[in-house]
There are 2 protein chains.
Amino acid sequence: MSVSSKCYYAIRAIYALAEHTTPEPMKIADIAQKELIPIRFLEVILGQLKGGGFVQSRRGAEGGYRLAKPADQITIGEIMRYVDGPIAPVDCVSQSRPKECAFHGECSFFGFWGRVRQAISDVVDKTTFADLIKENQERKGGYVRDWTI
Amino acid sequence: MSVSSKCYYAIRAIYALAEHTTPEPMKIADIAQKELIPIRFLEVILGQLKGGGFVQSRRGAEGGYRLAKPADQITIGEIMRYVDGPIAPVDCVSQSRPKECAFHGECSFFGFWGRVRQAISDVVDKTTFADLIKENQERKGGYVRDWTI
DNA sequence: CCTATTTCGACTAGAAAAGTCAAGATGGCT
DNA sequence: AGCCATCTTGACTTTTCTAGTCGAAATAGG
């Protein structure tokens with residue numbers, strides 16, 4: 001029941017990009033340093049995330065990465081699914097590509113595993129990176145400036 | 001985020017023993033056949049479960065395994081933890097043996113992973129094997145005879 | 001004593017995870 | 001145009017875990 005380190009790295013990389021509000025893209029080396037990710041491995045991961053449409057890159061000097069969409073439109077669950085595959089304790093209760101097990105419709109555990117999967121989804125699919133950033137600003141600063149009118 | 005097949009086998013083995021209500025112990029071969037578990041692998045698993053105090057064994061002819069305590073006193077979560085280790089998406093939020101990560105108290109994800117772990121625990125630690133058996137009797141038979149007065 | 005059965009530890013093949021590396025393509029800057 | 005920092009790609013390695021397998025010993029009942 002645990003997330004691969006690759007997946008956690010991916011999540012942290014996205015988080016770093018989400019916190020990086022200035023317009024120029026963020027360099028791989030900066031992300032790696034901030035989030036303590038092996039730089040060569042991070043290259044691989046960012047390449048994958050680009051393929052999934054989560055980040056964009058700019059080459060050349062002054063190049064780097066930035067988010068492809070606003071942080072409040074990316075959930076943690078999306079990234080977990082994209083990097084680690086379906087979120088399901090056993091294959092037969094996967095939402096996206098359920099796999100029939102040997103017990104077909106007569107499995108005594110189908111309902112149970114379904115409830116486990118739902119419990120996880122309820123957390124990870126309802127949390128966006130914007131939510132996390134806000135949560136941490138509150139925790140650190142004690143308050144968050146609210147710009148809404 | 002998935003359970004090892006060893007762990008799922010262990011859960012199914014316990015379930016088979018819980019359903020086996022006659023007094024004599026149940027043979028490994030019978031459990032293996034009923035739950036579709038490779039018999040040699042099941043030997044390994046039952047040995048481990050015995051070490052954890054979940055099952056008892058009797059050797060020799062007419063030997064076999066039986067539960068060490070009633071089915072309503074064994075939760076799925078216990079078995080999962082015993083076989084697969086702590087139930088936690090990342091090591092730092094494990095209840096039993098949390099492992100400090102490189103970010104110490106300043107981790108932006110600590111709260112989030114904690115909520116994920118809690119969501120899972122809320123399901124697996126509150127479901128006993130007796131609950132599962134009852135659920136399946138209701139599903140199959142349409143009703144369950146209630147022997148309580 | 002004999003036999004069925006459990007028990008135990010060692011062993012292994014294969015896959016996946018985690019990370020490394022080198023060489024080439026690209027784009028901004030001077 | 002030329003330089004250089006940076007991204008891009010794909011192959012490669014190393015380590016760890018998974019999912020078993022196997023053989024021999026111990027044991028209990030008949």
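Each chain gets a letter, A, B and so on, in the order the sequences are listed, and its residues count up from 1. In what follows, every heavy atom counts, from backbone to side chain, and hydrogens, waters and symmetry copies are set aside.
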Between [options], spot the one nearest the side chain of [X], thanks.
X     : options                : value
A:R58 : C:dC8, D:dC7, C:dG28   : C:dG28
A:P38 : D:dT27, C:dT20, D:dG23 : C:dT20
B:S5  : D:dG20, D:dG23, C:dG27 : D:dG20
A:R59 : C:dA18, C:dT6, D:dC7   : D:dC7
B:V44 : C:dG19, D:dT21, D:dT27 : D:dT21
B:R40 : D:dA26, C:dG19, D:dC22 : D:dC22

Between [N] ([atom2]) and [X] ([atom1]): distance, integer Å:
X     : N      : atom1 : atom2 : result
A:R66 : D:dT6  : CZ    : P     : 17 Å
B:E43 : D:dT21 : CD    : C1'   : 10 Å
B:L17 : C:dT6  : CG    : P     : 12 Å
B:I39 : C:dT5  : CD1   : P     : 10 Å
A:I37 : C:dG19 : CD1   : P     : 10 Å
A:E24 : C:dC29 : CD    : C1'   : 16 Å
B:M1  : C:dA17 : CE    : C1'   : 17 Å
B:M26 : C:dT5  : CE    : P     : 14 Å

So, is [X] close to the [N] phosphate, meaning a side-chain N or O under 4.0 Å from OP1 or OP2?
X     : N      : result
A:S57 : D:dT8  : yes
A:Y9  : C:dG19 : yes
A:Y8  : C:dA18 : no
A:K27 : D:dT6  : yes

- Query: What do the steps show when you test A:K69 against A:E78 for salt bridge (charged side-chain N to carboxylate O under 4.0 Å, His left out), and what is the final call?
  - Reply: CA-CA 13 Å; A:K69 45 188 170 178; A:E78 279 181 274; 3.7 Å; yes
- Item | side-chain contact (heavy atoms from CB on, under 4.5 Å) between B:S94 and B:R81, intermediate numbers included | CA-CA 11 Å; B:S94 157; B:R81 280 186 233 281; over 6 Å; no
- Taking it one step at a time, do B:D131 and B:T128 satisfy side-chain hydrogen bond (donor to acceptor under 3.5 Å, both in side chains)? CA-CA 5 Å; B:D131 292 334; B:T128 69; 3.2 Å; yes
- Item | Sole candidate of A:Q137, A:M26, A:K34 that passes side chain to side chain contact (heavy atoms under 4.5 Å, CB included) when paired with A:E19 | A:K34
- Query: Which part of the nucleic acid, if any, lies within reach of B:L46 when heavy atoms closer than 4.0 Å are counted: base, sugar-phosphate only, or nothing?
  - Reply: nothing
- Query: More 5' along DNA chain C: A:L42 or B:A61, using each one's nearest nucleotide?
  - Reply: B:A61
- Message: Can you tell me how the ring of A:F129 sits relative to the ring of A:Y15, calling it parallel under 30°, perpendicular over 60° and tilted otherwise?
- Response: tilted
- Message: Go nucleotide by nucleotide along DNA chain D from the 5' end; which of B:E62 and B:D84 gets its closest nucleotide reached first?
- Response: B:D84
- Item | side-chain contact (heavy atoms from CB on, under 4.5 Å) assessment of B:D122 paired with B:Q118 | CA-CA 6 Å; B:D122 280 347; B:Q118 191 60 49; 3.0 Å; yes
